[in-house]
**Student:** 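Dumping the structure here so I can ask a few things about it.
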Amino acid sequence: MKFFKKLLGKSKPLTTSKVAFSYKDQEILRDISISLKPGELVAIIGKSGCGKSTFLKIIAGIIPQPDQGKIKIFGKPKFFSKDKIGFTPQETAMIPDLSILDNIKIFGLNSGITERKATRKAKKLLKMLKLEEDKNKLPSQLSGGQRVRLNIVLSLLHDPEILILDEPFTGLDFRNRRLLWHFLETLRKRGKSIILTSHLLAETQEHVDRLIILKNGKIFFSGNLESLKTKLKINYIYELRFTHLSQENLEKIKKYCEYKDLKILDSYQRYLMFGINTEREKSYLIKLLNKLNLKFNEISFREPNLDETFLKAE
């Protein structure tokens with residue numbers, strides 16, 4: 001048994017190879033291959049509908065089988081190691097008419113552990129997530145943030161090696177998000193591997209080891225923010241507000257940007273946000289604006305965050 005555990009410990013917690021999935025003749029995922037390291041925190045990001053939640057449900061076993069590809073947990077087929085995965089869905093999964101403590105006992109039994117073990121494990125988790133005083137309440141008596149945290153507790157009762165979270169920060173205020181990030185960092189330090197989705201990109205970039213961007217059902221990028229900036233050729237955000245900007249001049253600016261491989265990341269009335277790669281590109285852009293006799297105020301010239309970088313990936 002010790003040898004068996006040691007053998008598993010040397011394997012990558014999660015690997016997927018060329019996973020594909022379609023629904024009603026619509027291709028959702030294509031050729032998704034990733035590997036998750038022990039103690040790694042990975043975020044999967046992408047536009048709504050790009051397949052993020054579907055992919056998480058496939059590797060968690062909620063969707064039983066992809067159309068193509070292989071999924072292995074610690075080097076074994078997915079079904080072999082379901083006990084090693086904890087899955088937290090977007091929707092709260094608790095039974096509304098039972099207390100938190102009773103929910104814990106039932107979810108523990110469903111996870112294959114005794115009520116006593118589930119209660120003992122939950123006691124530590126509830127304390128870490130500041131829920132220890134609420135264990136006799138009904139789920140309906142909890143705030144939205146408390147229910148989100150309880151949802152995570154229920155997915156960790158069997159002490160899985162891999163935690164999968166689908167949009168865990170939805171509806172949480174800043175204080176609760178910080179509490180949850182600190183909790184995830186504690187799990188990571190204890191060797192847990194974590195994979196999650198989130199639309200809070202600027203915040204996510206501060207905490208994760210790696211970003212995976214899904215686009216059109218495929219992996220567009222895997223790496224850190226600096227590597228993404230290099231791939232997309234965007235090192236600066238340049239924001240301008242014009243005194244007046246006609247549609248004719250706006251079209252001229254758009255054509256120039258298309259020709260020079262620049263991108264207008266955002267525009268509203270007299271405001272434009274450009275994603276540019278070098279300071280020289282900025283000077284050339286200013287020359288164009290002066291040639292068009294446009295008056296403007298410079299709002300900022302700075303490094304982009306993940307939200308702004310992601311706009312160029314779309």
**Student:** Tell me, which pairs form a salt bridge (Lys or Arg N to Asp or Glu O under 4.0 Å) where one or both residues lie in residues 214-241, sequence neighbours left out?
**Tutor:** Glu226-Lys229, Lys229-Glu303, Glu239-Arg302
**Student:** In terms of side-chain geometry, is the basic nitrogen of Lys252 or Glu248 positioned less than 4.0 Å from the acidic oxygen of its partner?
**Tutor:**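 Here Lys252 pairs with Glu248 in a salt bridge, since their nearest N and O are under 4.0 Å apart.
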**Student:** Is a side-chain donor-acceptor pair under 3.5 Å present for Arg210 with Asn224?
**Tutor:** no
**Student:** Only one of Val208, Leu163, Asp209 clears side-chain contact (heavy atoms from CB on, under 4.5 Å) with Arg188; which?
**Tutor:**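 When side-chain contact (heavy atoms from CB on, under 4.5 Å) is applied between Arg188 and each of Val208, Leu163, Asp209, only Asp209 qualifies.
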**Student:** Say whether Leu265 and Leu240 are linked into one hydrophobic cluster, either directly or through other cluster members, by side-chain heavy-atom distances under 4.5 angstrom.
**Tutor:** no
**Student:** Donor-acceptor pairs are to be reported for all side-chain atoms of residues 112-131 against protein atoms at under 3.5 Å, with residues two or more places apart or in another chain.
**Tutor:**
unit_1	atom_1	unit_2	atom_2	d
Thr114	OG1	Lys117	N	3.1
Thr119	OG1	Glu115	O	2.8
Lys121	NZ	Asp159	OD1	3.4

**Student:** Main chain of Gln146, side chain of Ser143: is a donor-acceptor contact present, judged purely on distance under 3.5 Å?
**Tutor:**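 Yes; at least one donor-acceptor contact below 3.5 Å.
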**Student:** Donor-acceptor pair, distance only, cut-off 3.5 Å: does the side chain of Gln26 make one with the backbone of Tyr23?
**Tutor:** no
**Student:** For Trp181 and Glu203, which I'm curious about, is there any donor-acceptor pair between the side chains at under 3.5 Å?
**Tutor:** yes
**Student:** Report the C-alpha distance between Val148 and Asn176 in whole Å, list the side-chain angles of each, state the deciding distance to 0.1 Å, and finish with yes or no for side chain to side chain contact (heavy atoms under 4.5 Å, CB included).
**Tutor:** CA-CA 10 Å; Val148 170; Asn176 278 312; over 6 Å; no
**Student:** Is there a donor-acceptor pair under 3.5 Å between the side chain of Ser198 and the backbone N or O of Leu200?
**Tutor:** yes
**Student:** Below 3.5 Å, can you tabulate the donor-acceptor pairs from side chains in residues 97-109 to any protein atom, sequence neighbours excluded?
**Tutor:**
unit_1	atom_1	unit_2	atom_2	d
Ser99	OG	Asp102	N	3.1
Ser99	OG	Asp102	OD2	3.4
Asn103	OD1	Ile95	N	2.6
Asn103	ND2	Ile95	O	3.0
Asn103	ND2	Leu98	O	3.0
Asn103	ND2	Ser99	O	3.0

**Student:** Would Ile59 and Thr16 satisfy side chain to side chain contact (heavy atoms under 4.5 Å, CB included), going step by step from the backbone distance to the final call?
**Tutor:** CA-CA 8 Å; Ile59 61 178; Thr16 73; 3.8 Å; yes
**Student:** Using side chain to side chain donor-acceptor pair (under 3.5 Å) as the criterion, point out the one residue from Asp261, Asn235, Thr230 that pairs with Asn277.
**Tutor:**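 Per the side chain to side chain donor-acceptor pair (under 3.5 Å) rule, the option paired with Asn277 is Asn235, out of Asp261, Asn235, Thr230.
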**Student:** Table please: side-chain donor-acceptor pairs of residues 30-38 below 3.5 Å, with sequence neighbours left out.
**Tutor:**
unit_1	atom_1	unit_2	atom_2	d
Arg30	NE	Glu27	OE1	3.0
Arg30	NE	Glu27	OE2	3.4
Ser33	OG	Lys18	N	2.7

**Student:** Start with the C-alpha gap between Ile276 and Tyr284, add the side-chain angles, then the distance that decides, and say whether side chain to side chain contact (heavy atoms under 4.5 Å, CB included) holds.
**Tutor:** CA-CA 11 Å; Ile276 63 178; Tyr284 288 155; over 6 Å; no
**Student:** How far apart are the C-alpha atoms of Asp166 and Lys52, what are their side-chain angles, what is the distance that settles it, and do they pass the salt bridge (charged side-chain N to carboxylate O under 4.0 Å, His left out) test?
**Tutor:** CA-CA 8 Å; Asp166 193 3; Lys52 302 186 299 293; over 6 Å; no
**Student:** Treat each ILVMFWY residue as a node, draw an edge where side-chain heavy atoms are under 4.5 Å apart, and state whether Ile63 and Ile73 are in one component.
**Tutor:** yes
**Student:** Would you find a donor on one side and an acceptor on the other, under 3.5 Å apart, between the side chain of Lys70 and the backbone of Thr15?
**Tutor:**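 Checking the backbone N and O of Thr15 against the side chain of Lys70, no donor-acceptor pair under 3.5 Å is found.
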**Student:** Restricting to pairs with a member in residues 266-289, which pass salt bridge (Lys or Arg N to Asp or Glu O under 4.0 Å), not counting sequence neighbours?
**Tutor:**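 Sorted result for residues 266-289: Lys282-Glu298.
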**Student:** Are Val19 and Ile71 packed together at the side-chain level, in the sense that at least one heavy-atom pair is separated by less than 4.5 angstrom?
**Tutor:**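 Side chain of Val19 against side chain of Ile71, heavy atoms only: contact under 4.5 Å found.
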**Student:** Check whether more than 12 heavy atoms from other residues, nucleotides or ligands sit under 6.0 Å from atom CD of Glu258, and answer yes or no.
**Tutor:**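 No.
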**Student:** For the side chain of Thr309 and the backbone of Asn305, is there at least one donor-acceptor N/O pair under 3.5 Å apart?
**Tutor:**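 Here the side-chain-to-backbone pair exists.
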**Student:** So does Gly69 get a backbone contact from the side chain of Ser17, meaning a donor-acceptor N/O pair under 3.5 Å?
**Tutor:** no
**Student:** Check this for me: does any side-chain nitrogen of one of Glu314 and Lys47 sit under 4.0 Å from a carboxylate oxygen of the other?
**Tutor:**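 Judged by the 4.0 Å cut-off on N to carboxylate O distance, Glu314 and Lys47 do not form a salt bridge.
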**Student:** Cluster question for you: counting only ILVMFWY and a side-chain heavy-atom cut-off of under 4.5 Å, with indirect links fine, are Ile62 and Leu154 together?
**Tutor:**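 No; tracing contacts between hydrophobic side chains, which count when under 4.5 Å, never links both residues.
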**Student:** Just say parallel, tilted or perpendicular for the rings of Tyr236 and Phe301, cut-offs at 30° and 60°.
**Tutor:**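 It falls in the parallel class, under 30°.
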**Student:** Can you sort out the partners of Glu167 under salt bridge (charged side-chain N to carboxylate O under 4.0 Å, His left out), two or more places apart, ordered by chain and number?
**Tutor:** none
**Student:** Would a single hydrophobic cluster contain both Ile44 and Leu311, if residues Ile, Leu, Val, Met, Phe, Trp and Tyr are joined by side-chain heavy-atom contacts under 4.5 Å?
**Tutor:** no
**Student:** Walk me through whether Phe274 and Leu262 qualify under side chain to side chain contact (heavy atoms under 4.5 Å, CB included).
**Tutor:** CA-CA 7 Å; Phe274 299 90; Leu262 305 181; 5.5 Å; no
**Student:** Same cluster for Leu211 and Leu232 if Ile/Leu/Val/Met/Phe/Trp/Tyr side chains link at under 4.5 Å?
**Tutor:** yes
